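Notes follow the structure.
Quantities reported herein were computed from a predicted structural model and do not represent experimental measurements.
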Amino acid sequence: MEIKTMPINSAVRAAFLEHLDAVFDRDLADYHRIERGQRLQFLAAAVELAENKGFSSEQGIASYVLALWYLDIDFEEKSDELASLLLSPLPEVRRVHAMNQWVEALLGEPDNIAAADEALKKALHLTEPWGN
């Protein structure tokens with residue numbers, strides 16, 4: 001009898017999606033109202049988008065997925081500064097921190113892209129010692 005094995009990447013991805021789903025279900029209002037299969041589809045697509053932006057750490061991927069959850073799929077199009085950041089060759093830790101600051105600022109003032117861009121620039125300045 002032949003035993004089929006799942007590639008480790010698939011197993012790790014599945015476990016990560018399960019973990020994200022559990023955390024989001026616990027911590028995000030209204031997330032639990034979405035049918036589980038739809039949630040996992042959203043997470044799988046969102047993780048793929050995050051990876052396409054060069055995020056590979058759990059923190060980076062989860063941060064990007066949260067930005068998608070709160071701000072929708074077109075959130076990057078709201079700011080040239082953010083779009084530039086996400087395509088930059090800066091270390092992931094700096095990009096994640098600056099993106100998170102941008103998202104937090106925009107959530108606080110949804111109509112103030114300029115303030116979000118300033119938060120991003122400030123975060124990049126403060127994290128310069130973290131590397132280029």
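Applying the salt bridge (Lys or Arg N to Asp or Glu O under 4.0 Å) criterion to Glu92, with sequence neighbours excluded, gives no partner residue. The side-chain hydrogen bond (donor to acceptor under 3.5 Å, both in side chains) check on Lys53 picks up Glu76, with sequence neighbours excluded. Under the rule for a side-chain hydrogen bond (donor to acceptor under 3.5 Å, both in side chains), the partners of Tyr31 that lie at least two apart in sequence or sit in another chain are Asp21. Considering only residues two or more places apart in sequence or on other chains, Glu109 meets the side-chain hydrogen bond (donor to acceptor under 3.5 Å, both in side chains) condition with Asn112. Residues satisfying the side chain to side chain contact (heavy atoms under 4.5 Å, CB included) criterion with Asp74, sequence neighbours excluded, are Asp72, Glu77, Lys78. Partners of Arg33 according to the side-chain hydrogen bond (donor to acceptor under 3.5 Å, both in side chains) rule, which considers only residues two or more places apart in sequence or in another chain, are Asp30. Scored by the side chain to side chain contact (heavy atoms under 4.5 Å, CB included) test, Glu48 finds Asn52 as partners (sequence neighbours excluded). For Glu58, there are no salt bridge (Lys or Arg N to Asp or Glu O under 4.0 Å) partners at least two apart in sequence or on another chain. Scanning for side chain to side chain contact (heavy atoms under 4.5 Å, CB included) contacts around Glu118 gives Lys121, with sequence neighbours left out.
Cluster partners of Leu126, using a side-chain heavy-atom cutoff of under 4.5 Å among ILVMFWY residues and allowing indirect links: none.
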### Task
Using the side-chain contact (heavy atoms from CB on, under 4.5 Å) rule, take Ile61 and Phe16 through it: C-alpha gap first, then chi angles, then the decisive distance, then the call.
CA-CA 10 Å; Ile61 292 170; Phe16 181 62; 3.5 Å; yes

### Message
Between Arg13 and Glu18, does the salt bridge (charged side-chain N to carboxylate O under 4.0 Å, His left out) criterion hold? Intermediate values first, please.
### Response
CA-CA 9 Å; Arg13 179 180 298 275; Glu18 289 290 336; over 6 Å; no

I'd like a table of donor-acceptor pairs (distance under 3.5 Å, sequence neighbours excluded) in which one partner is a side-chain atom from residues 81-90, with atom names and distances.
from	atom 1	to	atom 2	distance (Å)
Ser88	OG	Leu85	O	2.8
Ser88	OG	Leu90	N	3.4

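Separation of atoms CG (Asp25) and CG (Leu20) is listed at 12.0 Å; rounding is to 0.5 Å. Separating the CG atom in Leu43 from the CG atom in Leu68 is a distance of 10.0 Å, to the nearest 0.5 Å. In this structure, CG in Leu66 is found 8.5 Å from CE in Met99, a value given to the nearest 0.5 Å.
Shortest non-hydrogen contact noted between Gly60 and Val96 is CA-CG2, 3.4 Å. Nearest heavy-atom pair across Arg94 and Leu124 is NH2-O, 2.6 Å. Contact detail for Ala123 and Ala98: the closest heavy-atom pair is CB-CA, 3.7 Å. When all heavy atoms are compared, the tightest approach of Ala105 to Ala115 is CB-O, 4.2 Å. In terms of heavy-atom proximity, Asp117 sits nearest to Ser79 at OD1-OG, 2.5 Å.
Heavy-atom neighbours of Ile73 CD1 from other residues, nucleotides or ligands within 6.0 Å: at or below the threshold of 12. For Gln59, the CD atom is loosely surrounded, since the number of other residues' heavy atoms within 6.0 Å does not exceed 12.
Under the ring-ring contact (aromatic ring centres under 6.0 Å, His included) criterion, the residue pairs touching residues 71-115 are Tyr64-Phe75, His97-Trp130, with sequence neighbours excluded.
Both Tyr70 and Val47 sit in one connected hydrophobic cluster of ILVMFWY residues. Membership requires side-chain heavy atoms under 4.5 Å apart, directly or through other members. A continuous path of Ile, Leu, Val, Met, Phe, Trp and Tyr side chains, each step under 4.5 Å between heavy atoms, connects Leu28 with Leu17, placing both in one hydrophobic cluster.
Judged by a 6.0 Å distance limit and a 45° cone about the ring axis, Arg39 is not positioned over the six-membered ring of Phe24.
The shortest distance between side-chain heavy atoms of Leu71 and Leu107 falls below 4.5 Å.
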